[in-house]
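Read through the structure below, which is laid out as structure tokens, and then see the notes.
In this chain, residues are counted from 1 in sequence order. All of these numbers come straight from a predicted model, not from anything done at the bench.
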Amino acid sequence: MAGLSEAKTEVEEIVEFLKNPQRYTNLGGKIPKGALLVGPPGTGKTLLAKAVAGEANVPFFSLSGSDFVEMFVGVGASRVRDLFRQAKEKAPCIVFIDEIDAVGRARGRNPNMGSNDERENTLNQLLTEMDGFGTNSGVIILAATNRADILDKALLRAGRFDRQIYVDLPDLNDRVAIFNVHLRKIKTDESVDVELLARQTPGFSGADIANVCNEAALIAARHNQQAVTKQDFIDAVDRIIGGLEKRSKITTDEEKRSIAVHEAGHATVSWHLRYANPLIKVTIVPRGKALGAAWYLPEERQITPTQALLDEMCSLLGGRAAEELFLGRISTGAANDLERVTKQAYAMVVYYGMSEKLPNLSYYDSTGQDYGFSKPYSDDRAQLIDNEVSRIINEQYERAKEILRKHAEGHGQLADVLITREVIFTEDVEKIFGKRQWASRTEEILCTKALPESEAKASNTESPAGNDTDDSESDSNTPTPPPVPQTPPPVPDKK
């Protein structure tokens, strides 16, 4: 398995305990009774369990949480008892329950109008078998879910699930490793750059990356190619994120002009904002449900300052602002932009405490209990929240219009090029507005990584003290720092 280094370390320890228990019991340690794999869909939780099954060399029971859920009274609890009876006979062994939220949902959340709830009976039996009055030595429970927030608290306590292993979306280095695994069976040519592919797929899970590789191979086969090229992978990412290209869709000149002005507005505003995501490509070719799209490379930030959120909102409003300024009318093309802006402004006020009038307050409930029909604030506070959300959005809309007024000539050129060519890239925007003032976060990280590596290589090639060497020879052997890669292809901002 590629990536998931931290998760693999914890799971490997469980496997090692089964193979060599003496190493741990000599120090008084006990084998963990259970481990819960938690993470977004497609990150490799079930795959990790399959790897454990192959490595552990002990009996491995695998089943789904829904296998316990039955309409008939007592059947689910009976299946739990049978499972653990078989597991104890085969101990030491591992029991893997996939999608445990099907049976482990918190009790009392959805009362069944006074009738018998079979799921609760099944859960009670599972709790008893995992850590009840009787002993359960040698049976390790592995479970996977992407909804840990709705699981019963009694199920999550130590003694039942001693460890919660979070299987997160892969970062840049993990994506490189995952791409290398999936590219083994694919015939590629020299143009394919794995690091470039990893950079252009932020937020992709392992399943998404597998889908990209497969889609690229299908595209190459469709064109009767002998090998999969870099362009095939770029087209595959576009296809997966944006949908299928629809060049056959008929649009009038007026509609085409409106779409070009809208997309050029996004490009112009984002180019002149420090924290806006780096622009990759702008197109007015319909794709999926979108009539046009501005493609960005999202920055994988660990922490987001207020100005970054405001810049993103301003960039999203650039399309609507351009329509109003340069066409004198607005359209429904900004529906997706407005939805995202409204949600982000609401989150700033209600969740992040970034409002001037409501600072340092958060009404977010991380327990997943929700507030139901009641609100954690008064009607007056709700009115104040609405006013703050409107103020933030209006300020960024005016800011976007101000940027467009300042760069109206460049925006017009960009819209004309879009109408003519239908697709423009970063180089085209640079010709009109000049190079962007700020380097992207990814470029800064690559620069800081490149400097120590180049310094280390340079120090390794220096001659030892006291030895006479030819200066010209030592200079020629000293490597130059690797160049910073150009900003890669796209992840879109769909309309």
Side-chain angles (χ1 to χ4, degrees), residues 1-4 6-8 10-15 18 32-71 75-88 90-107 118-131 136 139-157 160-170 178 205-211 368:
M1 284 190 65
L4 305 177
E6 293 84 4
K8 283 193 293 188
E10 296 217 24
V11 174
E12 280 170 3
E13 196 170 87
I14 295 174
V15 174
L18 290 169
K33 291 189 176 181
L36 182 65
L37 304 173
V38 184
T43 48
K45 299 182 291 296
T46 308
L47 197 63
L48 199 58
K50 286 181 182 178
V52 171
E55 294 284 339
N57 293 326
V58 295
F60 189 91
F61 297 85
S62 175
L63 65 164
S64 170
S66 59
D67 292 340
F68 297 114
V69 180
E70 274 288 352
M71 182 178 68
V75 174
S78 174
R79 287 179 178 170
V80 172
R81 286 192 294 271
D82 290 344
L83 169 68
F84 279 86
R85 178 180 53 78
Q86 293 178 43
K88 288 173 186 176
K90 301 287 186 181
C93 67
I94 296 175
V95 176
F96 174 62
I97 306 174
D98 202 4
E99 307 296 346
I100 196 174
D101 49 278
V103 69
R105 191 182 294 265
R107 292 165 291 183
E118 180 60 17
R119 182 187 282 114
E120 288 196 4
N121 293 338
T122 308
L123 175 59
N124 290 335
Q125 186 65 45
L126 183 63
L127 295 175
T128 304
E129 292 288 350
M130 287 184 69
D131 187 30
N136 202 17
V139 179
I140 298 176
I141 309 297
L142 274 181
T145 180
N146 47 39
R147 291 297 309 277
D149 55 308
I150 64 171
L151 293 180
D152 196 270
K153 290 182 179 178
L155 189 64
L156 297 175
R157 74 159 173 82
R160 291 197 172 103
F161 284 117
D162 297 309
R163 293 180 174 180
Q164 285 194 32
I165 303 171
Y166 193 74
V167 185
D168 203 355
L169 290 169
I178 294 170
S205 66
D208 293 329
I209 291 172
N211 194 20

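Residue V38 comes nearest to Q164 through the heavy atom pair CG2-OE1, 4.2 Å, listed as atom of the first residue, atom of the second, then distance. A pairwise comparison of heavy atoms in L151 and D101 identifies CD2-CA, 3.6 Å as the closest pair. In this structure, P170 and S205 approach most closely via the heavy-atom pair CD-CA, 4.0 Å. The two atoms that bring S64 and I97 nearest to each other are C-CG2, 4.4 Å, heavy atoms only. Between P59 and K90, the closest heavy-atom pair is CG-O, 3.7 Å. When all heavy atoms of A77 and T122 are compared, the closest pair comes out as N-OG1, 3.8 Å.
A distance of 6.5 Å separates CZ in F96 from CG in L37, rounded to the nearest 0.5 Å. Put simply, CD1 on I141 and CG on L126 are 7.5 Å apart, with the number rounded to the nearest 0.5 Å. In this structure, CZ in R81 is found 10.0 Å from OG1 in T128, a value given to the nearest 0.5 Å. In this structure, R160 CZ and L127 CG are separated by 4.5 Å, a value rounded to the nearest 0.5 Å. If you take NZ on K88 and CG on L83, they are separated by 10.5 Å, rounding to the nearest 0.5 Å. The line from CZ of R79 to CZ of F84 is 15.0 Å long, rounded to the nearest 0.5 Å.
In this structure, the side chains of V80 and V103 stay at 4.5 Å or more apart for every pair of heavy atoms. Side-chain contact between N146 and P40 is absent, with no heavy atoms from C-beta onward closer than 4.5 Å. By the 4.5 Å heavy-atom criterion applied to side chains, I140 and V58 are not counted as neighbours. The shortest distance between side-chain heavy atoms of F161 and I100 falls below 4.5 Å. No side-chain heavy atom of V139 sits less than 4.5 Å from a side-chain heavy atom of F61.
In this view, D152 and R107 satisfy the salt bridge (charged side-chain N to carboxylate O under 4.0 Å, His left out) rule, not counting sequence neighbours. Residues meeting the side chain to side chain donor-acceptor pair (under 3.5 Å) test with D98, sequence neighbours left out: T46. Shown here are the salt bridge (charged side-chain N to carboxylate O under 4.0 Å, His left out) partners of E13, two or more places apart in sequence or in another chain: R163.
Looking only at distances, no side-chain donor or acceptor of K45 sits under 3.5 Å from a matching main-chain atom of V167.
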